[in-house]
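Okay, so here's the structure we're looking at.
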Amino acid sequence: MRLRFERGAAAGSARGAVRDALDRWKLAHLADDALLVTTELVQNALRHTGAGGVLVVRRTAGALRIEVADGSREQPRVKAPDPTRVGGRGLSIVAAVARAWGTLAQTGQAGKIVWAELAV
């Protein structure tokens, strides 16, 4: 499943596309975690790059892989929780829910891919 999202987009359309893919792949039991990870990765791309990106979700052997590509080379960082801030916990949540996560440089173009895998 592949979905391009633009600046000003809401993560809701991304969640809907992921839910549809999970239903087709008979992985609805992963919906809560997959939708949480999708929301965090898409929102981070929108918030920190000021532009859109591409969401790719695929089923691999033993995993559901969620990737968000954006045009920024700035690497995401897990921040220590600050009790005085409302946000800033997204990647901590992704790290807690996913079996693995990380970043890759996009080949042939500027930017990066932030990915997370959930065990199937």
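At most 12 heavy atoms of other shown residues, nucleotides or ligands fall within 6.0 angstrom of atom CD in Glu74. No more than 12 heavy atoms of other residues, nucleotides or ligands sit less than 6.0 Å from atom CZ of Arg2.
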Full working for side-chain contact (heavy atoms from CB on, under 4.5 Å) between Leu64 and Leu22: CA-CA 9 Å; Leu64 177 73; Leu22 293 174; 3.6 Å; yes
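Atoms CZ and CE, on Arg59 and Met1 in that order, are 15.5 Å from each other to the nearest 0.5 Å. The distance from the CD1 atom of Ile66 to the CH2 atom of Trp115 is 11.5 Å, given to the nearest 0.5 Å. A distance of 13.0 Å separates CZ in Arg19 from CZ in Arg24, rounded to the nearest 0.5 Å. Note that CD of Glu117 and CZ of Arg58 are 10.0 Å apart. Values are rounded to the nearest 0.5 Å.
Smallest separation of non-hydrogen atoms from Ala98 and Leu118: CA-CD2, 3.8 Å. Listed here is the closest heavy atom pair of Ala63 and Val120: C-CG2, 3.2 Å.
A side-chain contact (heavy atoms from CB on, under 4.5 Å) with Asp70 is found for one member of Thr49, Val54, Ile113 and no other, namely Thr49.
Side-chain contact check for Pro76 versus Lys112: some heavy-atom pair is nearer than 4.5 Å. The shortest side-chain heavy-atom distance between Leu55 and Val18 falls under the 4.5 Å cut-off.
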For residues 26-41, run the donor-acceptor check on the side chains, cut-off 3.5 Å, and write out each pair with its distance to 0.1 Å, sequence neighbours left out.
| unit_1 | atom_1 | unit_2 | atom_2 | d |
| --- | --- | --- | --- | --- |
| Thr38 | OG1 | Ala34 | O | 2.8 |
| Thr39 | OG1 | Arg15 | NH1 | 3.0 |
| Thr39 | OG1 | Leu35 | O | 2.8 |

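With Arg65 contributing its side chain and Thr60 its backbone, the two residues share no donor-acceptor pair below 3.5 Å.
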